[in-house]
Amino acid sequence: MTKYREFKGLNLPEIDNEILAFWTDNQIFEKSISSRPEDKTFVFYEGPPSANGMPGIHHVMSRTVKDLFCRYQTMKGKRVERKGGWDTHGLPIELSVEKELGITKEDIGTKISVDEYNAKCRETVMRYKDLWDDITRKMGYWVDLNHPYITFENDYIESVWWLLSQLYNKKLLYKGYTIQPYSPAAGTGLSSHELNQPGCYRDVTDTTIVAQFKTIEDSLPDSLKGLGELFILAWTTTPWTLPSNTALTVGPNIDYSVIKTYNQYTFAPITVVLASALVEKQLGNKFTAVDEEAGLSAYQSGDKTIPYFVVTTCKGKDLTGIRYEQLLPYTLPYQNPENAFRVIEGSFVTTEDGTGVVHTAPTFGADDARVAKEAKPEVPPMLVLDEKGNPVPLVDLQGRFRPEMGDLAGKYVKNEYYNASDVPERSVDVEIAIRLKEENRAFKVEKYVHNYPHCWRTDKPVLYYPMDSWFIRASAAKERMAELNSSINWKPASTGEGRFGKWLENLQDWNLSRSRYWGIPLPIWRNAEATEEICIDSIAKLESEVAKANAALGLNQQVPKDLHRPYIDEVVLVSSNGEPMKRELDLIDVWFDSGSMPYAQWHYPFEAKDKIDNGLSFPADFIAEGVDQTRGWFYTLHAIATMVFDSVAYKNVVSNGLVLDKNGVKMSKRLGNVVDPFDTIRTHGADATRWYMIANAPPWDNLKFDLAGVEEVKRKTFGTLYNTYSFFALYANIDGFVYSEAEVPLNERPEIDRWIISLLNDLKARVDASYADYEPTTAARDIEEFIDAHLSNWYVRLCRRRFWKGEYSKDKLAAYQTLYTCLESIAAMMAPVAPFFSDWLFKNLNDVTQKSGVTSVHLFDFPAADATAIDNDLLERMDYAQRISSLILSLRKKENIRVRQPLSRILLPVLNPSFKDQVEAVRDLILAEVNIKQIEYITDTEGVIHKKAKPNFKTLGRKLGKDMKAAGDLIAALDQKQIADIERSGSYTLVIGDNNYDLVLEDFEITSEDIPGWTVASDKGITVALDVHISNELYLEGVARELVNRIQNIRKESDFEVTDRIVVSIESHELIQQTLASFQSYISNEVLADDIRLVASTGTEALEIVEGVSVGISVEVVG
RNA sequence: AGUCUCGUAGCUCAGUUGGUUAGAGCACUACACUGAUAAUGUAGGGGUCGGCGGUUCAAAUCCGCCCGAGACUACCA
């Protein structure tokens, strides 16, 4: 190929397709890995998505982040393997299967066999795999889709078993009976990190009851005897737990008041006990205190306010031991009912809420269970014996009351558990409230808004429920986890120190058990008495144990081909004394699956031992996921690595924020504000989408996704770069530039070339550092700025003539080489974020020149900055040139003189010689840019400059302190002579009150913003005056330029080739004649005219040349 | 309820260790420039830097309180 490709317009989606095909056909991804040395790895872990749901735009976000750092490291010469993966187990899959089959968990094993059910799960789990693979490819995410790890495969499971056995051997795995969050709708317990998924805690309005527990007179301390019926008040937000109440807990040192008043529902006189601190809150404005007991008698049933009288006070410990009548006597605990229904002590009781007395139901509260157990004698939980004689709570696993509950039996304890069509009007909570009101046992019933956890998958409220579960003793490794965490580079740092760090500080044990079917089975077998157990760490071990059992028990078992339930459940092992051992039926938390991926993806330790043991693939150099994974994947990776390997699992982690809609609202199907990633990429291209996401806000900030922003990126960054390339291609093709000539040495290139090269190298250094520091937003913004402000709008604009004017000279060659270098380097720098466009640009250049030696930008090395090419003086003077030009344009505007009209000179006050030298060096650029003939420098010796002194606050502030203000006024008032003195002597003594301050030149900022008699403009120390006098000669030159402009427009409208020679005919006019007399050759030269003829009429529409002069112009191509 | 983060132009965002006229882009208006042309330049409107108080010669920047948003924490009855 010898010509650069030219295009009709920028079409990003088309570029996507072209480059995608190129990558596939040439295996660029594979080469980008294999071409890097094996011993120079950059380890990346792919957090496995579940192919059970559709990919969303937020996945494009998180995968862009992953992809760009992997691509960057590849270009830095690292070998970056990216094994894809699929998260295949867990509740979401089971629930979607159940929904599809129209069954519930209870039906599994009856209506459908576990076998069939699991087969269905396996089938469902990859449902959207094709869509995922598709978006992965289309968004340009490079990950190995052909050899992914899949969590349901036996190899994966075997690795997980091995990890579990490591924990088991370290005594970090145990079985315990505890109150746990349980989701009746999902039919399983939940781990604390599942409860900590965003959105799980929600405000709900519940019926709350302050119940009256009637004390038994005999058990009262003497001081409280003889007060008649005495009730202890206790508050609950979960009235359905009241039937399971077996104790009341008070704080031993809390003050309690005994109050006589009336029940607001039955109007019956009552005496109640509650914390003194909460009397106000509980009685509120409905009640008024009276000073003496006699004041109570004035009350009439139904009165608006109810009087109350404080009879006496006591401490919590005085109440301990009091017995009370069971509030809702449906049934009694099956064990030691005589020890129930007493007041006990608990340190967790506060007086912030309620009554200072905690209703205690040990079956449904962790604190409750603890204090009940600690009390002496132990308070029994409300457990009854079920049909099989097993102790169970009054609520079953579906969240329904058991048969013992009489009128409430069979009802769900939360209305949310019903199907939408069956929801009863009154919830159990309300029914209980009504009943207590009628029985004079409700002191107060009200609605209360509080935060309550919900199941992350079913969206229904969680129940706290007593369960037998397997736990990982994560709390034992808490300090070590915190220690290792401090070595991890978190982006942003606050997530690591704050959110993750705090979480580690309060770490709870990890509830590993899931009572489900589709997941990795817990590899623990026990005998019936639970006196002996075995944890299987490999299939080989299982085989040998099976063989042992077969021999001992006379069985003919085999290790199942599929390690899932139900097959694995059928395996019976044998204990040391010949008893059969059965598998613990639980599955393990799917989060353990994903946290195991560093090892299980390679089937460690059964294969690829060196990947982990020699650090080839562990720990990760880099991982990235959404911030919602802090308590999820980030935690499980960290926990397993710490507990099994005493190592971090990752060294750098980027936690990206949420993707919101353009109004900052979370995207949800319900609101219909979801952005379809396929659509977005199809219409705007992957690169514009990726670039927008990265450049708009740092990844860890929430992104308000607005398609208008994607449009802007497309137009501004990619459009401008495309234009720049097109410009280059157009002229390089004409001149046959293919970079075959030797490099023009930098010091032989013109000022502006050295300037853009200087900026480019500065940019390379900054972009490289930003990527290395996981700051892609800074990198992208710096690149954008360079493309738009510097390369396109200064370098190319000022250099246009160099490309199309004159012979193929050394200057022209320098221009081509400079622009080529800029484009090639930009392509490389933007490649991590915009992999398609950058490769397209790179190939457009490189396919012609073959300069790089590689076929794709992704096989190229990241551009290294050449510090010697950075010339700070040059950068400064170009900055002067830009600012002076801008000031002149602004003056022209003010004076209404268009840029095509040449002017004779500008005046530039010079305050120091280096400024003059600097401007001199860029003089020609300025003059050409603003169409001025010359610059005159004026120094203060001529006396025309009016100077102003301002204090330099930074240096003076430290010296002067309080006198700063006065000094400011004094310095501003300095006259011309004083300023001149300061400049000459470099010192000044400032007198403020009694203080003399010796100031130096540095303490002043001396500027010249005025030249008396001239219109001036100034900007940060630079002042420019414009000579607006237009001589006849200048006027005619202006007309000449107008003519050039008109003729060029005609050329363009007529679609002439830029190289066509022409003959111009202009209708004769005196002004035109005068102009041609002086400028015919100039005009001819500019418009490539062989001849310019004056004619009587061109037969074309007259064009206005200057005000009042309109003539026809016609143009013909020669030859 | 507590903890953390954040409130800068209509929108998206910059704003160095505190330094005196708070910036850019988008959008809007006018004018200009253009052999890159869905680009660009100049000018204009648009801000009590969430509010109040404090520290300081000096606060968008540091501190406190309040308001608002978000995330996190919590078995709190």
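Numbered from 1 within each chain, the chains take letters A, B, ... in sequence-line order.
With both ends at atom P, the span from C63(B) to C26(B) equals 35 Å, rounded to whole Å. A gap of 38 Å separates the C1' atoms of U5(B) and G44(B), to the nearest Å. The separation of A60(B) from G50(B), taken at their C1' atoms, amounts to 12 Å, rounded to a whole angstrom. Between A59(B) and C52(B), the two P atoms lie 14 Å apart (nearest whole Å). For G45(B) and G25(B), the P atoms lie 15 Å apart once the distance is rounded to whole Å. Between A39(B) and C28(B), the distance separating the two P atoms is 11 Å to the nearest Å. Taking the C1' atom of each, A69(B) and U56(B) are spaced 31 Å apart, rounded to whole Å. For the P atoms, the distance from G47(B) to A9(B) is 10 Å, rounded to whole Å.
Rounded to whole Å, the distance from CD1 on Ile897(A) to P on C31(B) is 18 Å. For the pair Leu887(A) CG and A43(B) C1', the interatomic distance rounds to 13 Å; values are reported in whole Å. In this entry the distance linking CG of Asp701(A) with C1' of U12(B) reads 12 Å, nearest Å. Between the NZ atom of Lys373(A) and the P atom of C75(B) there is a distance of 20 Å, rounded to whole Å. We find that CG of Leu990(A) is positioned 13 Å from C1' of C57(B), with the value rounded to whole Å. Distance Asn1049(A) CG to A36(B) P: 11 Å, rounded to the nearest Å. When rounded to the nearest whole Å, the span between CZ of Phe500(A) and C1' of U5(B) equals 19 Å. Note: CZ (Arg800(A)) to P (G41(B)) measures 13 Å, nearest angstrom.
Relative ring orientation between Tyr816(A) and Phe803(A) is described as perpendicular, the plane-to-plane angle rising above 60° on a 0-90° scale split at 30° and 60°. The aromatic rings of Phe7(A) and Tyr725(A) are tilted relative to each other, their planes meeting at an angle between 30° and 60°.
Searching all strands for a Watson-Crick or G-U wobble partner of G46(B) with both distances below 3.5 Å returns nothing. Summarising the base pairing, G18(B) is matched to no nucleotide, lacking a Watson-Crick or G-U wobble pair whose two defining distances lie under 3.5 Å. C13(B) is paired with G23(B) under the criterion used here, namely a Watson-Crick or G-U wobble arrangement in which both key atom distances are under 3.5 Å. Using the Watson-Crick or G-U wobble rule with both distances under 3.5 Å, C75(B) pairs with nothing in any strand shown. Applying the Watson-Crick and G-U wobble criteria (two distances, each under 3.5 Å), U40(B) pairs with A32(B). Pairing partner, C4(B): G70(B), with both Watson-Crick or wobble hydrogen-bond distances short of 3.5 Å. Under the Watson-Crick or G-U wobble criterion, with both distances below 3.5 Å, C65(B) is paired with G51(B).
Contact annotation: Asn696(A) side-chain N/O to C13(B) OP1/OP2 distance is under 4.0 Å. Proximity of Thr236(A) to the phosphate of A77(B): no side-chain N or O atom is located under 4.0 Å from OP1 or OP2. Contact between the side-chain N/O atoms of Lys954(A) and the OP1/OP2 oxygens of A58(B) is not found at any separation under 4.0 Å.
When distances run from any side-chain atom of Ser886(A) to the nucleotides A32(B), U42(B), C13(B), the shortest one goes to U42(B). Nearest to the side chain of Glu712(A), among C13(B), C57(B), C26(B), sits C26(B). Distance from the side chain of Thr238(A) is smallest for A77(B) among the nucleotides A39(B), C13(B), A77(B). Nearest nucleotide to the side chain of Trp235(A), out of A77(B), U12(B), A43(B): A77(B). Closest contact between the side chain of Leu889(A) and the listed nucleotides C31(B), A36(B), G41(B) involves G41(B). Taking only side-chain atoms of Ser890(A), from C-beta outward, the nucleotide of A43(B), U12(B), C26(B) with the closest atom is A43(B). For His359(A), the side-chain atoms get nearest to A77(B) when compared with the rest of A77(B), A32(B), A43(B). The Thr724(A) side chain lies nearest to A36(B) when the options are C75(B), U42(B), A36(B). Checked against A77(B), U40(B), A36(B), the side chain of Asp788(A) finds its nearest nucleotide in U40(B). Side-chain proximity of Arg797(A) to C13(B), A36(B), C31(B): nearest is A36(B).
The shortest distance between side-chain heavy atoms of Phe213(A) and Asn245(A) falls below 4.5 Å. Residues Lys414(A) and Asp206(A) meet the side-chain proximity criterion, which asks for heavy atoms closer than 4.5 Å. Between Asn1049(A) and Leu1103(A), the closest side-chain pair of non-hydrogen atoms is not below 4.5 Å.
Base contact: Arg1051(A) has a heavy atom under 4.0 Å from a base atom. Counting any heavy atom pair closer than 4.0 Å across all strands shown, Tyr731(A) reaches sugar-phosphate atoms only and no base atom. At a threshold of 4.0 angstrom between heavy atoms, the contacts of Val349(A) include nucleobase atoms, whether or not backbone atoms are also involved. Across all strands shown, Glu1057(A) has heavy atoms under 4.0 Å from base atoms, whether or not it also approaches the sugar-phosphate. Backbone-only contact: Asn1045(A) has heavy atoms under 4.0 Å from sugar-phosphate atoms and none from a base. Contact annotation for Lys716(A): backbone-only contact, meaning every heavy-atom pair under 4.0 Å involves sugar-phosphate atoms and none involves a base. Residue contacts for Ala234(A): at a heavy-atom cut-off of 4.0 Å it reaches no nucleic acid atom on any strand shown. Residue contacts shown for Ser726(A) are absent, as no nucleic acid heavy atom lies under 4.0 Å away. Using a 4.0 Å heavy-atom criterion, one finds that Leu956(A) contacts no nucleic acid atom at all.
Here the shortest heavy-atom pairing between Thr355(A) and Trp235(A) reads OG1-N, 3.9 Å. The heavy-atom pair separating Tyr464(A) from Pro453(A) by the smallest distance is OH-CG, 3.3 Å.
Checking Asn952(A) against Leu703(A), the closest nucleotide of RNA chain B that is more toward the 5' end is the one next to Leu703(A). For the pair Thr237(A) and Val1087(A), nearest-nucleotide mapping onto RNA chain B gives the more 5' position to Val1087(A).
At most 12 heavy atoms of other shown residues, nucleotides or ligands fall within 6.0 angstrom of atom CD in Glu1002(A).
Not a single donor-acceptor pair, N or O on each side, falls under 3.5 Å between the base of A77(B) and the side chain of Thr241(A).
A salt bridge links Arg1046(A) to Glu1042(A): one of the charged nitrogens lies within less than 4.0 Å of a carboxylate oxygen. Look at Glu1086(A) and Arg1041(A) and you find no salt bridge, because none of the NZ, NE, NH1 or NH2 atoms lies under 4.0 Å from a carboxylate O.
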